[in-house]
4 protein chains.
Amino acid sequence: MNKTFHSISRGRPRSTAARQAILDTALQITKRDGFSALTIEGIAREAGVGKPTIYRWWQSKGMIVFEALQQQAEKELPLPENMSLRKGLLTFLQALFTTLNTGIGDIVRSLMAEAQHDPVFADLFRAQFISIRRQPLLQLLHDGITRGDLPADTNIEVLADLIYGAMWYRLLAQHAPLDADFAHAIVKLLLPASPS
Amino acid sequence: MNKTFHSISRGRPRSTAARQAILDTALQITKRDGFSALTIEGIAREAGVGKPTIYRWWQSKGMIVFEALQQQAEKELPLPENMSLRKGLLTFLQALFTTLNTGIGDIVRSLMAEAQHDPVFADLFRAQFISIRRQPLLQLLHDGITRGDLPADTNIEVLADLIYGAMWYRLLAQHAPLDADFAHAIVKLLLPASPS
Amino acid sequence: MNKTFHSISRGRPRSTAARQAILDTALQITKRDGFSALTIEGIAREAGVGKPTIYRWWQSKGMIVFEALQQQAEKELPLPENMSLRKGLLTFLQALFTTLNTGIGDIVRSLMAEAQHDPVFADLFRAQFISIRRQPLLQLLHDGITRGDLPADTNIEVLADLIYGAMWYRLLAQHAPLDADFAHAIVKLLLPASPS
Amino acid sequence: MNKTFHSISRGRPRSTAARQAILDTALQITKRDGFSALTIEGIAREAGVGKPTIYRWWQSKGMIVFEALQQQAEKELPLPENMSLRKGLLTFLQALFTTLNTGIGDIVRSLMAEAQHDPVFADLFRAQFISIRRQPLLQLLHDGITRGDLPADTNIEVLADLIYGAMWYRLLAQHAPLDADFAHAIVKLLLPASPS
DNA sequence: TATTAAGCGAGACGGTACGTCTTGTCTTGGA
DNA sequence: TCCAAGACAAGACGTACCGTCTCGCTTAATA
């Protein structure tokens with residue numbers, strides 16, 4: 001009963017200082033020189049950390065940057081509430097585009113690129129980024145149905161694909177900006193019938 | 001007059017055999033081992049070609065694969081004609097998805113990834129791939145307006161972003177397949193009001 | 001003055017089990033994989049011992065193997081007695097060569113090599129191995145002088161250098177074997193005039 | 001007959017500058033910091049040369065230093081001629097010891113050590129160093145037989161082992177110097193009967 | 001009998017070097 | 001002038017050990 005609970009982990013505990021230095025440095029280099037200029041060697045050098053320490057905890061530079069990004073962007077996009085779907089979607093898109101235009105967008109682009117030739121990272125990225133970011137949007141659309149702003153039989157998964165797809169397309173192909181006009185145009189096209 | 005006609009450029013002319021061998025080998029390696037396993041070194045080795053010969057004519061491995069892809073896929077997607085926009089768009093999407101599911105999709109994914117960390121290639125890719133592929137779709141949508149299947153004030157550029165965006169999103173994030181159901185769902189969502 | 005006199009060693013005494021496991025494992029790895037495949041890391045792993053435990057008690061892997069070797073070869077070469085110098089030297093050399101041909105030779109070679117780039121170990125090796133092994137031979141030669149088998153003014157230190165030198169030379173250069181023929185030939189050359 | 005002889009090697013020829021820089025740097029580092037402080041990485045760094053260039057031409061750092069040593073010590077020990085064996089051997093040993101005491105000795109020691117845990121290098125070292133250096137001595141001893149300074153049935157191979165062995169023993173064990181006294185003592189012990 | 005200091009295993013840490021790989025350039029001789 | 005061949009400087013890759021450190025747990029002598 002009063003028997004002490006045995007600590008599971010033995011040995012020297014993981015250094016949080018090293019961990020944080022690695023994450024910070026990785027993000028800093030990525031922002032400064034771009035993701036393709038990021039090397040494990042470079043992180044180790046600038047973070048003042050041994051290479052094996054990096055390899056011990058991360059499988060690839062993609063995962064480091066991803067974790068750093070998640071950590072920094074702890075604050076989730078606030079889900080617009082108590083708005084019409086029209087208003088809510090517009091708010092959602094504008095907040096999304098604003099965030100992406102602050103430099104975060106370049107990192108996100110790089111991570112999507114990385115996922116294309118690293119299947120392990122692709123799985124992580126899909127599960128921890130793509131899927132998670134879809135949830136608020138799906139919730140928004142679902143509420144739209146509940147509220148009667150959308151037909152009950154609307155395929156909201158595909159609708160989310162159209163919305164997020166448009167964002168990714170412009171983010172990656174860079175043929176046009178992610179601006180307020182784009183947000184308005186998307187809303188207008190997807191939620192056309194604005195019944196009085 | 002038995003003097004040989006000197007071509008404008010002197011010296012040995014460019015070897016078409018070498019050129020073709022490079023393109024073929026690059027495509028073959030990409031299909032076999034994936035784009036990230038493709039190296040200039042490897043192309044030179046397998047094509048029996050000197051590395052400088054490759055560097056003389058292409059700036060990056062992205063451009064080689066891109067050129068090889070363009071060459072192979074000479075035959076453009078045939079623009080559906082004399083159909084309703086609904087029918088036409090569905091046909092267009094199904095043909096597109098079918099093509100992407102044959103292995104071409106993986107190469108296209110890799111090229112989009114490559115464009116994310118090679119600005120020079122990104123420009124080429126945007127101009128010679130993204131933009132060009134948009135034209136038939138824009139034409140289709142434009143015809144839709146003409147035919148009265150779409151309101152005259154429809155922003156067809158953004159509509160094209162929604163359509164192609166959905167494709168790229170699923171192609172890159174791999175969270176759901178590019179299949180006939182998806183094509184149908186897109187059409188249903190974007191061209192909802194089917195009068196008469 | 002009431003200050004207590006602290007015993008020199010307080011706390012938990014050194015674990016003999018760990019000590020012996022380290023020595024045994026080191027010798028075993030050296031015999032199995034060779035001295036250059038021996039690592040502190042490897043000893044710790046196979047002996048089920050922490051690395052600091054090794055570093056606490058030994059300065060280098062050379063010293064571990066040396067101690068293990070000394071421990072195993074506790075039984076010294078028996079000094080031949082009551083023989084002529086000729087007979088005694090021959091017996092001595094044959095016993096020496098036989099020992100070296102059992103696998104001990106490889107370890108001894110490695111230790112001599114180690115001494116070449118570790119001055120601390122070199123001092124230990126010279127004092128505890130080289131010098132100690134010379135004593136029986138010097139005794140033998142000294143007895144030879146006493147018995148009249150050697151001239152009284154013979155420089156037995158240099159004579160010992162010639163004898164042990166020949167052994168080391170063949171052991172290290174491996175250009176010829178350490179066999180009975182070699183022992184006979186050495187004796188014949190160094191103690192030529194066998195007067196009646 | 002007048003058919004041109006085709007050059008066997010195509011491509012860019014080996015850079016003699018790089019080759020020499022590597023050899024020079026390797027020798028310099030070895031002399032400055034010792035052989036065990038010599039690393040391929042360090043040679044590349046100081047010589048301003050790529051690592052693969054080193055690995056392309058040498059299998060190990062032992063071989064680099066060995067080649068550098070051979071190149072520097074092009075001038076062979078001059079074989080003493082027209083001397084009695086006594087005089088000749090003394091001259092030979094004194095020249096040998098003098099050379100070894102100039103810093104060459106430390107390098108030679110390291111190479112012998114290296115040969116103990118690198119079988120490939122050991123073969124090279126035995127063939128290109130040990131064996132080659134034995135030849136002049138064997139010649140000297142052979143001439144001694146011819147001249148009548150040695151019995152005709154003298155086993156000169158073993159005699160050479162005794163002589164070179166004594167040198168190696170003192171060089172490696174460092175228990176006594178390689179000086180003129182040692183040379184004299186060796187000669188006195190091995191060539192005792194100096195008739196008239 | 002309780003305290004306590006040292007030893008113990010485990011294992012993370014900052015480093016360094018390894019040997020390999022690819023990059024983009026340069027330098028040949030042959031076509 | 002272009003080509004193949006291939007050497008070059010550069011530098012990142014991921015791994016293996018190094019020697020040090022920090023843990024929590026024994027363990028036996030001391031008080």
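Numbers restart at 1 for each chain; the letters A, B, ... are given by sequence-line order, proteins then strands.
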What is the distance, rounded to the nearest whole Å, between atom [atom1] of [X] and atom [atom2] of [N]?
X	N	atom1	atom2	value
B:Asp118	E:dG24	CG	C1'	14 Å
A:Trp58	E:dA12	CH2	C1'	13 Å
B:Ile54	E:dT22	CD1	P	13 Å
D:Asp33	E:dT16	CG	C1'	15 Å
A:Glu46	F:dA12	CD	C1'	15 Å

- Please figure out whether A:Pro13 or D:Ser15 has its closest DNA chain F nucleotide nearer the 5' end.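 Checking each residue's closest nucleotide, the 5'-ward one belongs to D:Ser15.
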- Sorted by position of nearest nucleotide on DNA chain F, 5' first, the leading residue of B:Gly48 and D:Thr16 is B:Gly48
- Message: To the nearest 0.5 Å, what is the distance between CG on B:Leu69 and CG on B:Leu23?
- Response: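 If we round to the nearest 0.5 Å, B:Leu69:CG and B:Leu23:CG are 11.0 Å apart.
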- Distance (rounded to the nearest 0.5 Å) between D:Leu27 CG and D:Ile104 CD1: 7.0 Å
Scan the side chains in residues 28-35 of chain B for donor-acceptor partners under 3.5 Å anywhere in the protein, sequence neighbours excluded, and list what turns up.
from	atom 1	to	atom 2	distance (Å)
B:Thr30	OG1	B:Ala26	O	2.7
B:Lys31	NZ	B:Gln72	OE1	3.1
B:Arg32	NH2	B:Glu46	OE1	2.8
B:Arg32	NH2	B:Glu46	OE2	3.2

[N] phosphate, OP1 or OP2: any side-chain N/O from [X] under 4.0 angstrom?
X	N	value
A:Thr53	E:dG14	yes
C:Trp57	E:dC8	yes
A:Arg56	E:dC13	yes

Could you go through residues 53-60 of chain D and list every donor-acceptor pair under 3.5 Å that involves a side-chain atom there, pairing it with any protein atom two or more places apart or in another chain?
from	atom 1	to	atom 2	distance (Å)
D:Trp58	NE1	D:Glu67	OE1	2.8
D:Ser60	OG	D:Met63	N	3.4

- Query: Do any N or O atoms from the side chain of B:Gln70 and from the backbone of B:Gln128 form a donor-acceptor pair under 3.5 angstrom?
  - Reply: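 Judged by distance alone, yes, a pair lies under 3.5 Å.
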- Query: How about B:Thr39 and B:Lys61: do any of their side-chain heavy atoms sit closer than 4.5 Å?
  - Reply: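 Sidechains of B:Lys61 and B:Thr39: no contact.
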- Per-nucleotide protein contact string for nucleotides 13-20 of chain F, where B marks a base within reach and S marks sugar-phosphate only (heavy atoms under 4.0 Å, - for neither): BBBBSBBB
